[in-house]
Undergrad: 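Got a structure here, written out as structure tokens. Questions coming.
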There are 2 protein chains.
Amino acid sequence: MDRSQVRMSLKSKGIAATKPRVLLLEILWGINAPISVQQLYQSNSEKFALSTLYRVVNDLATADIIETFTSPDQNIWIEIKAEDGHHHHLYCESCETVIDIEMDEEFEASISDLRDQLSKKYNITIVDHSFELYGKCSGNVHCACNLD
Amino acid sequence: MDRSQVRMSLKSKGIAATKPRVLLLEILWGINAPISVQQLYQSNSEKFALSTLYRVVNDLATADIIETFTSPDQNIWIEIKAEDGHHHHLYCESCETVIDIEMDEEFEASISDLRDQLSKKYNITIVDHSFELYGKCSGNVHCACNLD
DNA sequence: TTGACAATGAGACTCATTCTCATTTATACT
DNA sequence: AGTATAAATGAGAATGAGTCTCATTGTCAA
Ligand SMILES: [Mn+2]
Ligand SMILES: [Mn+2]
Ligand SMILES: [Zn+2]
Ligand SMILES: [Zn+2]
């Protein structure tokens, strides 16, 4: 995904291809992994105002271009919205890293069933769900969390 | 669970039965549902200092008497620790209520499997997981979330 | 009862996130 | 192009949940 593709994808979602929006997407495509807004700001504080970063994150999330979720230490994490649908996260409390997790279809299907059931039982429209795992990586010298 | 039982249960966990701890547990037994620390403080600000409330919540969680979890709006919710083990939550975004959810054993078993797999794959000790559903109750006049 | 030590309360502090508003940039229309 | 209109940005103030400090108070074993 190069700059002009990013600009086009913004346009196609009906949202202006402004400098911070393009830049944020370029960064996210570059790292291809979840990152917290704070981490992102720390490495790019010359490029964005913090307020702009949060606003742009919001814009892109509303436009369904990125996904956000909140880790237990109250940071917002973002990543490019996966084309192949829903997935979940493993959060390493030692190194404060988030790893994308894939579930098998059976598991996702049972979650889907559950959503239907609960929706009826409580007369609530279920809009989303989250499944997150919390762990601690073994080594303190170097962290294996990012390895496959 | 009356006051003397609460005091005894505190002692049995090796933690002093101080006034705020006993009071908090009485309140939790009384409502018998998850509540956020902020909500709890708003209805009881004469009875606790806010700092004490958070500290006591921590003490009781460490002593395994209550459970805590964080909602997407970053509030800490607490409830008496369920004797029959793990369960999950449905959070109503309209009325900011949390409902306890039971899963069937099959579902919990597949979560357990998943934890084992991931633990090996990423060389991480999985310490916990959370599964939460987010919904919106239908009526704005009155909310059906608390009904069974 | 008393002394050692644990717990509390008031409020200062932190820090991620949100808000405000003046300035800049994009877009639309002559 | 030039101007009007609207959208987006940036700097920093404000917010608010949660944490920390430390002087005071309460607990409990001896
Ligand atoms: Mn992800
Ligand atoms: Mn619960
Ligand atoms: Zn790690
Ligand atoms: Zn509701």
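Because the structure is a prediction, the values reported are computed rather than measured. Below, chains carry the letters A, B, ... as their sequence lines are ordered, and counting in each starts from 1. Computation of the quantities below employed the complete heavy-atom set of this structure, encompassing side-chain atoms and omitting hydrogens, waters and symmetry-equivalent molecules.
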Undergrad: Using whole Å, what does the distance between atom C1' of nucleotide D:dA17 and atom CG of B:Leu40 come to?
TA: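 For the pair B:Leu40 CG and D:dA17 C1', the rounded distance is 15 Å.
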Undergrad: When the distance from CD of A:Glu46 to P of D:dG10 is rounded to whole Å, what number comes out?
TA: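 The distance from CD of A:Glu46 to P of D:dG10 comes to 12 Å, rounded to the nearest Å.
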Undergrad: CZ of A:Phe48 versus P of D:dA11: gap in Å, rounded?
TA: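 Nearest whole value for this atom pair: 13 Å.
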Undergrad: When you check the phosphate oxygens OP1 and OP2 of D:dG10, does a side-chain N or O of A:Ser51 lie under 4.0 Å from one of them?
TA: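 Looking at the OP1 and OP2 atoms of D:dG10, neither is under 4.0 Å from any side-chain N or O of A:Ser51.
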Undergrad: Using the ring of each side chain (for Trp, its six-membered ring), is B:Tyr91 parallel, tilted or perpendicular to B:Tyr134, with breaks at 30° and 60°?
TA: perpendicular
Undergrad: For the residue pair B:Phe107 and A:Phe107, does the interplanar ring angle fall in the parallel (under 30°), tilted (30 to 60°) or perpendicular (over 60°) class?
TA: parallel
Undergrad: Among C:dT8, C:dT17, D:dG18, which is the nearest nucleotide to the side chain of B:Asp59?
TA: C:dT8
Undergrad: Just how far, in rounded Å, is P of D:dG16 from CD of B:Gln42?
TA: 11 Å
Undergrad: Return the value, rounded to whole Å, for the distance between atom CG of A:Asn44 and atom P of D:dT9.
TA: 15 Å
Undergrad: Could you pick out which residue, A:Val56 or B:Ile76, lies toward the 5' side of DNA chain D when each is mapped onto its nearest nucleotide?
TA: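 Looking at DNA chain D, the more 5' nearest nucleotide goes with A:Val56.
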Undergrad: Using a distance-only test with no angle check, is there a side-chain donor-acceptor pair under 3.5 angstrom linking B:His129 and A:His88?
TA: no
Undergrad: Ignoring backbone atoms, test whether A:Tyr54 places a side-chain nitrogen or oxygen under 4.0 Å from the OP1 or OP2 oxygen of C:dT18.
TA: no
Undergrad: Would B:Asp64 and B:Lys13 pass as an ion pair if we require N to O under 4.0 Å?
TA: no
Undergrad: Is a donor-acceptor contact shorter than 3.5 angstrom present between the side chain of B:Arg55 and the base of D:dG18?
TA: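 No.
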Undergrad: Quick one, which residues of residues 3-24 of chain A touch DNA chain C with a heavy atom under 4.0 Å?
TA: none
Undergrad: How many Å lie between CD1 on A:Ile78 and P on C:dA16, as a whole number?
TA: 15 Å
Undergrad: What about B:Trp77 and B:Leu50, same hydrophobic cluster or not, with Ile/Leu/Val/Met/Phe/Trp/Tyr joined at side-chain heavy-atom distances under 4.5 Å?
TA: no
Undergrad: Please determine if A:Glu67 and A:Lys81 form a salt bridge, counting it only when a charged side-chain N lies under 4.0 Å from a carboxylate O.
TA: no
Undergrad: Going by heavy atoms in the side chains, are B:His89 and B:Glu79 under 4.5 Å from each other?
TA: yes
Undergrad: Atom CD of A:Gln39 and atom C1' of C:dC15: how far apart are they, to the nearest Å?
TA: 16 Å
Undergrad: Mind calculating the distance between CG (B:Leu53) and P (C:dT8) to the nearest angstrom?
TA: 11 Å
Undergrad: Please work out if A:Leu50 contacts a base, only the sugar-phosphate, or nothing of the nucleic acid, heavy-atom cut-off 4.0 Å.
TA: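 Contact class for A:Leu50: base.
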